[in-house]
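Down below is the structure, laid out as structure tokens.
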Amino acid sequence: MIRLTSWREAVTLPVIGFPARWSSRALERVLTNSIHRCARFALRRDGAIATTLSGGLDSSFCLAKIRETCGEKIMIFTFTIGGNESHPDVKHARIISKMFKTIHVEIIPKQEHLIEAETILKKTQPSVTHGDIAVFLAYQKIASHDFRIAISHDGIDELLGGYWDHRKALIMKEKKAAFVDRWARLSNEHLLPLEASARHFDIGVALPYLQREVVRYISRIPLNKRTSKEESKIPLREIARKYLPIEIIERKKMGFSSALED
């Protein structure tokens with residue numbers, strides 16, 4: 001039986017641990033094992049794999065590893081949402097979907113769909129963001145394809161310093177505070193709304209970047225090796241260069257919420 005770490009357990013682990021020896025090769029091995037375990041879990045439940053895909057670094061790398069470890073014959077469905085067909089998420093997701101041969105589903109919601117989703121979410125959430133609506137509509141589409149498990153990519157920004165808060169802090173004390181603060185906010189700002197939307201459609205969420213071994217390994221990496229003022233998520237970008245086009249690796253972070261801002 002495949003057991004995955006609950007995100008509730010993952011967020012109790014420290015984001016900053018005792019510095020120890022680490023390497024990009026070892027980190028890639030840890031990430032590969034975690035992604036493969038989540039993919040196998042989804043395969044056992046659904047016979048195929050469903051994953052959200054923004055066309056950014058995190059989701060694209062995860063997809064690359066799913067394809068690498070599961071093989072060419074496995075059906076992978078990728079789901080991308082955008083306000084229009086020219087949105088960067090939509091355009092870059094098409095590139096990655098074609099590259100890794102997925103069954104690609106684009107979600108371009110109409111105004112009435114946005115209003116309906118917001119109305120439903122307001123019944124259970126005190127405030128609703130663009131990101132919450134995007135997640136809800138993505139999982140609605142995933143459910144329409146009869147999936148019971150979806151792979152999501154939350155947590156890696158908080159672990160490897162994907163936000164400007166992490167990068168702008170040049171003094172180590174401030175950098176530590178930024179990592180601790182973002183890690184503490186992860187549950188309320190991202191994971192609880194994600195879980196609520198997924199549960200609304202009876203879907204379970206597999207989170208490869210929030211598996212116990214991933215959090216524990218990354219916590220050992222010194223903060224100045226994770227992110228700098230010039231570059232975020234340095235170790236992941238280094239690993240991803242073997243698998244992804246440079247335009248994906250160097251793409252500016254947008255965040256899922258930006259997909260519907262227009």
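Note that this is a predicted model, so its numbers are computed, not measured.
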Worksheet item: Who are the side chain to side chain contact (heavy atoms under 4.5 Å, CB included) partners of S197, not counting sequence neighbours?
Response: L121, V135, F136
Worksheet item: Does a salt bridge link D181 with K176, judged by any charged N lying under 4.0 Å from a carboxylate O?
Response: no
Item to complete: Could you check L57 against L244 for side-chain contact (heavy atoms from CB on, under 4.5 Å), going step by step and ending with a plain yes or no?
Response: CA-CA 8 Å; L57 174 65; L244 301 174; 4.2 Å; yes
Worksheet item: Hey, are T78 and H104 close enough side-chain-wise for a donor-acceptor pair under 3.5 Å?
Response: yes
Item to complete: Please determine if K110 and E116 form a salt bridge, counting it only when a charged side-chain N lies under 4.0 Å from a carboxylate O.
Response: no
Worksheet entry | Stepwise side-chain contact (heavy atoms from CB on, under 4.5 Å) test for E158 and Y163 | CA-CA 8 Å; E158 287 76 9; Y163 295 99; 3.1 Å; yes
Discussion item. Looking only at side-chain N and O atoms, does Y243 offer a donor or acceptor that is under 3.5 Å from a partner on E28?
Written reply: yes
Discussion item. Pairing donors with acceptors under 3.5 angstrom, does anything connect the side chains of D132 and Q125?
Written reply: yes
Discussion item. Measuring only between side-chain heavy atoms, which start at C-beta, is L207 closer than 4.5 Å to V205?
Written reply: yes
Practice prompt. May I ask you to decide whether D157 forms a salt bridge with R182, counting only side-chain N to carboxylate O separations under 4.0 Å?
Written response: no
Worksheet item: Taking atom types as modelled, is there a side-chain donor on R237 or S232 under 3.5 Å from an acceptor on the other?
Response: yes
Discussion item. Starting from I16, can I reach L236 by hopping between I/L/V/M/F/W/Y residues whose side chains sit under 4.5 Å apart?
Written reply: yes
Discussion item. Less than 4.0 angstrom from a charged side-chain N to a carboxylate O is my criterion; do E118 and K122 meet it?
Written reply: yes
Worksheet item: Step by step, would you call S54 with H153 a side-chain hydrogen bond (donor to acceptor under 3.5 Å, both in side chains)?
Response: CA-CA 10 Å; S54 70; H153 314 97; over 6 Å; no
Worksheet item: Taking it one step at a time, do I96 and I248 satisfy side-chain contact (heavy atoms from CB on, under 4.5 Å)?
Response: CA-CA 9 Å; I96 297 301; I248 301 299; 3.7 Å; yes
Discussion item. Within the 4.5 Å heavy-atom criterion, are S60 and F100 side-chain neighbours or not?
Written reply: no
Worksheet item: How are the rings of H166 and F179 set to each other: parallel, tilted or perpendicular (split at 30° and 60°)?
Response: tilted
Discussion item. Measuring only between side-chain heavy atoms, which start at C-beta, is S219 closer than 4.5 Å to L159?
Written reply: no
Worksheet item: Checking ring pair (Phe, Tyr, Trp, His ring centres under 6.0 Å) for the pair F79/H145: CA distance, chi angles, key distance, verdict?
Response: CA-CA 11 Å; F79 295 84; H145 284 71; 5.4 Å; yes
Discussion item. Less than 4.5 Å apart, side chain to side chain, heavy atoms only: is that true for I120 and H200?
Written reply: yes
Fill in: Residue pairs, two or more places apart or on separate chains, that pass side chain to side chain donor-acceptor pair (under 3.5 Å) and touch residues 11-24
S24-E238
Worksheet item: Does the distance from a Lys or Arg side-chain N to an Asp or Glu carboxylate O, for E230 and R167, drop under 4.0 Å?
Response: no
Practice prompt. Determine whether the side chains of T102 and S97 contain a donor N or O and an acceptor N or O closer than 3.5 Å.
Written response: yes
